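For clarity, every value in this text was computed on a predicted model and none was experimentally measured. Because only heavy atoms are used, hydrogens play no part in the values below, and waters and symmetry mates are left out as well, while side chains stay in.
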Amino acid sequence: MMAVYQQFSAFKCSKDCAFQFPFPNSNKRRNAKWRSPRAAIIPNLHLPMRSFEVKNRTSVEEIKSLRLITAIKTPYLPDGRFDLEAYDALVNMQIEDGVEGVIVGGTTGEGQLMGWDEHIMLIGHTVNCFGGSIKVIGNTGSNSTREAIHATEQGFAVGMHAALHINPYYGKTSLEGLISHFDSVLPMGPTIIYNVPSRTGQDVPPRVIHTLLQSPNMAGVKECVGNDRVEQYTSKDIVVWSGNDDECHDSRWDHGATGVISVTSNLVPGLMRELMFRGKNLSLNSKLQPLIEWLFCEPNPIGLNTALAQLGVVRPVFRLPYVPLPLAKRIEFVNIVKALGRENFIGEKDVQVLEDDDFGLIGRY
């Protein structure tokens, strides 16, 4: 069937080009100058890019200036595939409330549950739909250097503005190995290093970060160790984003962090923007703490997935091994929403408790 289609396409294309197969008794056609069919010409713009080429139109300085970046949730259809309609609505709500960047396929977006084809598709989709309005940072890190290189090449080829790279997890390596791993991907474009020892089992210490700063593509660090570490970097003019929502206010205003890469901003982007942009606000920070504590009562993104379903902005579908928070916690979330004000949360539907049977758990997708 494919061969027939190709033959038909070639014949159809040839009707529109200067070259025609010669006909008997037709000297004019026989002597016509041959030109390649248009369909056979592939503009260089669309060819895959090499690791040494410039792959995006965003400077490192632009990435360094971002104050509020949301680690965006990936919603699912009942069969476990991406719900791109719901995803687009989520990203639009972030843009409308002043978020400056999104992490696509991060821990919160469940990149760890995606195949690389899904992962790169979602990065490309986000760039194509929203890249003019918000910075798209693709999580293309891996515990395999080979995979990290390949995914990062693809991510920049589809237009992401920057990459997020975690240190190799489970199969941990030496500090020299960490440096070599990151050095393999830094030449490709603006890069944020993500340090979260609670997930990787290994700290990325200042020695490694200071070495990586020799690369002009090193944008900064998403740091989850705490504010003492944040200040170690900011005192030396290294850009840091807090990776801990509960500490991000103090990170920003007391310890010099540029901003936050946030989970909570999925739910209340306007309030998180106020927290990052409008100066010290102990009252607002205090009001947000019950919500943040609730979100992280179980490993992220369990709480966020449950909350977004209760708000009616995504279907209550979970890719395993994640499962929703129990009924008592879902009731607690309804009370938190009422205390903060439903108007401060994304979406327009009333917050619901939801029953256990309302949730779908997908193991194969």
Side-chain angles (χ1 to χ4, degrees), residues 68-78 80-106 108-110 122 125-126 129-130 133-134 136 245 260-277 284 287-298 300-319 322-327 329-360 362:
L68 179 56
I69 302 169
T70 296
I72 195 74
K73 151 76 176 168
T74 306
Y76 304 114
L77 295 168
R81 291 177 299 130
F82 293 163
D83 185 346
L84 291 179
E85 183 178 353
Y87 177 82
D88 291 350
L90 289 177
V91 177
N92 267 317
M93 286 184 274
Q94 298 296 308
I95 294 170
E96 289 171 1
D97 280 344
V99 172
E100 299 172 299
V102 288
I103 303 290
V104 179
T108 304
E110 299 178 17
L122 191 60
H125 171 83
T126 310
C129 294
F130 308 106
S133 302
I134 199 166
V136 179
D245 283 354
V260 63
I261 296 177
S262 176
V263 176
T264 308
S265 55
N266 277 277
L267 300 174
V268 287
L271 294 183
M272 291 301 294
R273 179 181 170 87
E274 186 175 343
L275 205 64
M276 290 294 103
F277 279 73
L284 177 57
K287 288 179 181 177
L288 285 170
Q289 291 306 310
L291 172 61
I292 295 170
E293 182 180 349
W294 182 90
L295 274 174
F296 294 96
C297 67
E298 293 286 357
N300 180 50
I302 293 170
L304 177 65
N305 291 352
T306 305
L308 289 170
Q310 289 187 248
L311 291 170
V313 293
V314 304
R315 289 177 169 88
V317 177
F318 283 63
R319 280 185 176 183
Y322 299 122
V323 297
L325 289 176
L327 180 61
K329 282 293 181 182
R330 300 199 296 268
I331 294 171
E332 186 179 332
F333 178 68
V334 171
N335 294 329
I336 289 172
V337 171
K338 290 178 179 177
L340 271 175
R342 177 64 183 89
E343 68 279 5
N344 290 312
F345 287 77
I346 64 168
E348 298 179 353
K349 297 180 180 179
D350 290 338
V351 61
Q352 302 291 322
V353 172
L354 297 181
E355 300 298 327
D356 290 344
D357 291 343
D358 292 328
F359 292 93
I362 309 295

The test is side chain to side chain contact (heavy atoms under 4.5 Å, CB included); show your working for V263 and F296 and say whether it passes.
CA-CA 10 Å; V263 176; F296 294 96; 3.8 Å; yes
Can a side-chain donor-acceptor contact be found between N266 and T70 if the only test is distance below 3.5 angstrom?
no
Nearest 0.5 angstrom please: [X] [atom1] to [Y] [atom2], how far?
X    : Y    : atom1 : atom2 : result
C129 : I134 : SG    : CD1   : 12.5 Å
F333 : T306 : CZ    : OG1   : 9.0 Å
L84  : D88  : CG    : CG    : 6.0 Å
K287 : Q289 : NZ    : CD    : 13.0 Å
Q94  : S262 : CD    : OG    : 8.5 Å
R319 : Y76  : CZ    : OH    : 4.5 Å

If you compare all heavy atoms of [X] against all heavy atoms of [Y], which two are closest, and at what distance to 0.1 Å?
X    : Y    : result
V136 : T126 : CG2-CG2, 3.8 Å
E110 : P301 : OE2-CG, 3.5 Å
P269 : V99  : CB-CG2, 3.8 Å
I336 : P290 : CD1-O, 3.8 Å
I362 : P78  : CD1-O, 3.2 Å
L354 : F359 : CD1-CZ, 3.6 Å

Contacts under 3.5 angstrom, residues 307-318 side chains, donor-acceptor by atom type, not counting sequence neighbours:
from: Q310; atom 1: NE2; to: R330; atom 2: O; distance (Å): 3.0
from: Q310; atom 1: NE2; to: Q352; atom 2: O; distance (Å): 2.8
from: R315; atom 1: NH1; to: D83; atom 2: OD2; distance (Å): 2.4

Determine, stepwise, if the pair L275 / L271 fulfils side chain to side chain contact (heavy atoms under 4.5 Å, CB included).
CA-CA 6 Å; L275 205 64; L271 294 183; over 6 Å; no
Has [X] got more than 12 heavy atoms of other residues, nucleotides or ligands less than 6.0 Å from its [atom1]?
X    : atom1 : answer
E343 : CD    : yes
E293 : CD    : no
D350 : CG    : no
R342 : CZ    : yes

Taking D245 for the side chain and T264 for the main chain, is one N or O donor matched with an acceptor at less than 3.5 Å?
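Yes, D245 side chain to T264 backbone: donor-acceptor pair under 3.5 Å.
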Side-chain donor or acceptor of N335 paired with backbone N/O of E332 under 3.5 Å:
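Checked: no pair found.
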Check step by step if side chain to side chain contact (heavy atoms under 4.5 Å, CB included) holds for M272 and L288.
CA-CA 9 Å; M272 291 301 294; L288 285 170; 4.0 Å; yes
Less than 4.5 Å apart, any side-chain heavy atom of V91 and any of I72?
yes
Check: Y322 and L304 side chains under 4.5 Å, non-hydrogen atoms:
no
Partner residues of C297 under the side-chain contact (heavy atoms from CB on, under 4.5 Å) criterion, sequence neighbours left out:
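C297: side-chain contact (heavy atoms from CB on, under 4.5 Å) contacts with L325, K329.
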Working note: L68 + V260, criterion side chain to side chain contact (heavy atoms under 4.5 Å, CB included); need CA distance, chi angles, decisive distance, verdict.
CA-CA 6 Å; L68 179 56; V260 63; 3.7 Å; yes
